[in-house]
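Okay, so here's the structure we're looking at.
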Amino acid sequence: MTASFPVRDYDLAATLTSGQAFRWKRCGDAWQGIISGRWVELRQEAGAIVARAAEAQRDWNWLRHYLQIDVDLEKVLGTFPNDDAMRASVTACRGLRLLRQDPWECLASFILSSTKQIVQIQQIVRALCECFGSRVAVPAAHEAQYAFPTPEQVASAAERDLRACKMGFRAPNLLATARIVAAGEVDLARLAEQDCETARTALVQFPGVGEKIANCVLLFAYGFQDAFPVDVWVRKALLHLYFPRRRPSVQRLERFIRTYFGPNSGYAQQYLFHYMRTQMPRTRKKAVEKRRRKAAQ
DNA sequence: CACCAGGGTACCT
DNA sequence: AGGTACCATGGT
């Protein structure tokens, strides 16, 4: 029940902590998570990712697909614009990958993400899974683990019980979305066959889903690598790096995003996002430190 | 202890 | 089209 996948240019830690998936837990030098109801432990070794599952596997294609093992990262990075900010981002977190997640889990998770820090999203999702998800097989002597609850499981929950997972005003949005999916009014699997624009139009129909969350699902679940989610971090980065002391209109900014970052703009966005989140706090701390020293004199 | 967080929406000018 | 308040909650 273990398998080894030769990889190069794969930074597992950066990938699993970059705010695209919310259920991975670091255990020493390994990562434990649940993919489509299967418990799995991942470990990065020299030139390979080693996986361990709770049960014997007929094949590991589900994991290869989730991790996007076969993507040629070099080729993707080659399409990024060659500017200071992108070079710094790629240097800082080279090996960061986009996962290919289950659409329902991704959609539900990002409905829960609005104005929440990643740490809090992780907590809410964990509570949701423990309250409403089915138990999954785990290795002996491991604590119980739960699958992400199906649309049906969420749809049959009471809003009060969802709110108990600390999701606040997002509860009615998740519940209504789950009901639409469970009723078969929208087929999430079939959206994968549509083009990006069509799928986006369908996604923003769900309550609590606007352009940003739709783009997250398009990018992280459906693999549209030019879907470009703009959250507060990315907005700050774009304005600061590419429009210093200017105030581009929404239209202007959207046009810039569409035309500047190339066919893998969503991938580039993820590098900018992770770079901002991991490197900027350090420089900010440094700035605070500098100010404090100056004040002390 | 304010401030802010991988936003969306209704409602205002 | 472009601003604003509000939604609920807890990390930093």
Side-chain angles (χ1 to χ4, degrees), chain A residues 14-24 89 93 96-99 101 105-128 131 159-178 180 200-222 224 227-240 243 246-255 257 265-289 292:
Chain A
T15 300
L16 300 183
T17 62
S18 66
Q20 42 180 330
F22 303 104
R23 298 202 62 194
W24 290 98
S89 300
C93 43
L96 171 63
R97 304 286 189 127
L98 288 183
L99 300 168
Q101 302 178 58
E105 176 171 343
C106 189
L107 173 62
S109 297
F110 276 97
I111 285 175
L112 299 176
S113 76
S114 69
T115 32
K116 278 292 181 190
Q117 301 180 139
I118 289 175
V119 187
Q120 294 177 272
I121 302 168
Q122 292 168 338
Q123 293 167 355
I124 295 169
V125 169
R126 167 188 284 267
L128 180 71
C131 285
E159 184 182 316
R160 174 188 304 274
D161 296 328
L162 290 175
R163 281 181 185 266
C165 299
K166 310 299 183 187
M167 61 183 73
F169 62 85
R170 304 157 195 82
N173 292 334
L174 178 64
L175 183 55
T177 297
I180 292 170
R200 182 183 288 111
T201 302
L203 288 171
V204 296
Q205 304 300 319
F206 290 113
V209 180
E211 291 287 319
K212 190 272 173 182
I213 290 176
N215 281 329
C216 285
V217 179
L218 291 169
L219 184 63
F220 302 142
Y222 290 109
F224 291 108
F228 197 104
V230 180
D231 75 313
V232 291
W233 287 90
V234 172
R235 179 177 303 282
K236 228 180 295 180
L238 290 177
L239 294 181
H240 181 255
F243 297 89
R246 271 187 292 169
R247 193 142 288 292
S249 66
V250 176
Q251 297 283 339
R252 179 70 187 88
L253 192 60
E254 282 178 356
R255 197 168 67 83
I257 289 168
S265 57
Y267 229 108
Q269 172 276 153
Q270 194 65 9
Y271 271 82
L272 276 180
F273 176 74
H274 193 64
Y275 176 64
M276 291 294 288
R277 283 192 60 245
T278 56
Q279 306 300 119
M280 289 307 282
R282 206 190 303 176
T283 63
R284 191 181 302 165
K285 258 181 223 168
K286 233 183 267 178
V288 169
E289 201 60 38
R292 188 177 316 178

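Chain identifiers are assigned alphabetically (A, B, ...) following the order of the sequence lines, protein sequences preceding nucleic acid strands; residue numbering begins at 1 within each chain. Please read these numbers as outputs of a predicted model, since none were measured by experiment.
One atom, CG of A:Asn215, and another, P of B:dG7, lie 13 Å apart when rounded to the nearest Å. Remark: C1' of B:dG7 and CD1 of A:Ile111 are 11 Å apart, rounded to the nearest angstrom. Rounded to a whole Å, the CD1 atom of A:Ile121 is 12 Å from the P atom of B:dA5. Atom CG in A:Leu218 sits roughly 15 Å away from atom C1' in B:dG6 (whole-Å rounding). The CG atom of A:Leu219 sits 12 Å away from the C1' atom of B:dG6 (whole-angstrom rounding). A straight line from CG of A:Leu112 to C1' of B:dA5 spans 14 Å, rounded to a whole angstrom. C:dA1 atom C1' lies 17 Å from atom CZ of A:Arg252, rounded to whole Å. Residue A:Glu211 contributes atom CD, which lies 14 Å from atom P of C:dA1 at whole-angstrom precision.
Across all strands shown, A:Ser109 has no heavy atoms under 4.0 Å from either base or sugar-phosphate atoms. A:Phe220 comes within 4.0 angstrom of a base, heavy atoms only. Residue contacts for A:Gln122: at a heavy-atom cut-off of 4.0 Å it reaches no nucleic acid atom on any strand shown. Using a 4.0 Å heavy-atom cutoff across all strands shown, A:Gly208 reaches sugar-phosphate atoms only and no base atom. No contact: A:Val230 has no heavy atom under 4.0 Å from any strand.
Across all strands shown, C:dG11 forms a Watson-Crick or G-U wobble pair, both distances under 3.5 Å, with B:dC3.
Atom P of B:dC4 sits at a distance of 14 Å from the matching atom of C:dA5, rounded to the whole Å. Between C:dC6 and B:dC3, the two P atoms lie 16 Å apart (nearest whole Å). Comparing the P positions of C:dT4 and B:dG6 gives an interatomic distance of 23 Å, to the nearest angstrom.
Side-chain proximity of A:Ser249 to C:dG2, B:dG7, B:dA5: nearest is C:dG2.
Between A:Phe228 and A:Phe273, the distance from one ring center to the other does not fall under 6.0 angstrom.
Applying side chain to side chain contact (heavy atoms under 4.5 Å, CB included) to A:Lys212 and the options A:Val230, A:Asp231, A:Val234, A:Val204 leaves one that passes, A:Asp231.
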- If a protein heavy atom is under 4.0 Å from the base, mark B; if only from the sugar-phosphate, S; if neither, -; do that for nucleotides 5-12 of chain C going 5' to 3'. --BBBBS-

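The CZ atom of A:Arg247 sits 14.5 Å away from atom CZ of A:Arg252, with the distance rounded to the nearest 0.5 Å.
Counted within 6.0 Å of CZ on A:Arg126, heavy atoms from surrounding residues, nucleotides or ligands total 12 or fewer; the atom is thus considered open. A 6.0 Å sphere centred on CZ of A:Arg255 holds no more than 12 heavy atoms belonging to other residues, nucleotides or ligands.
At distances below 3.5 Å, not a single donor-acceptor pair connects side-chain atoms of A:Gln270 with backbone N or O atoms of A:Gly266.
Between the side chains of A:Ser18 and A:Gln20, at least one donor-acceptor pair of N or O atoms lies under 3.5 Å.
For the pair A:Lys212 and B:dA5, the criterion of a side-chain N or O lying under 4.0 Å from OP1 or OP2 is not met.
Stacking is not found between A:Phe110 and the pyrimidine-like six-membered ring of the B:dG6 base under the 5.5 Å centre-distance and 30° plane-angle cut-offs.
Using a 4.5 Å heavy-atom threshold, the side chains of A:Phe110 and A:Phe22 count as touching.
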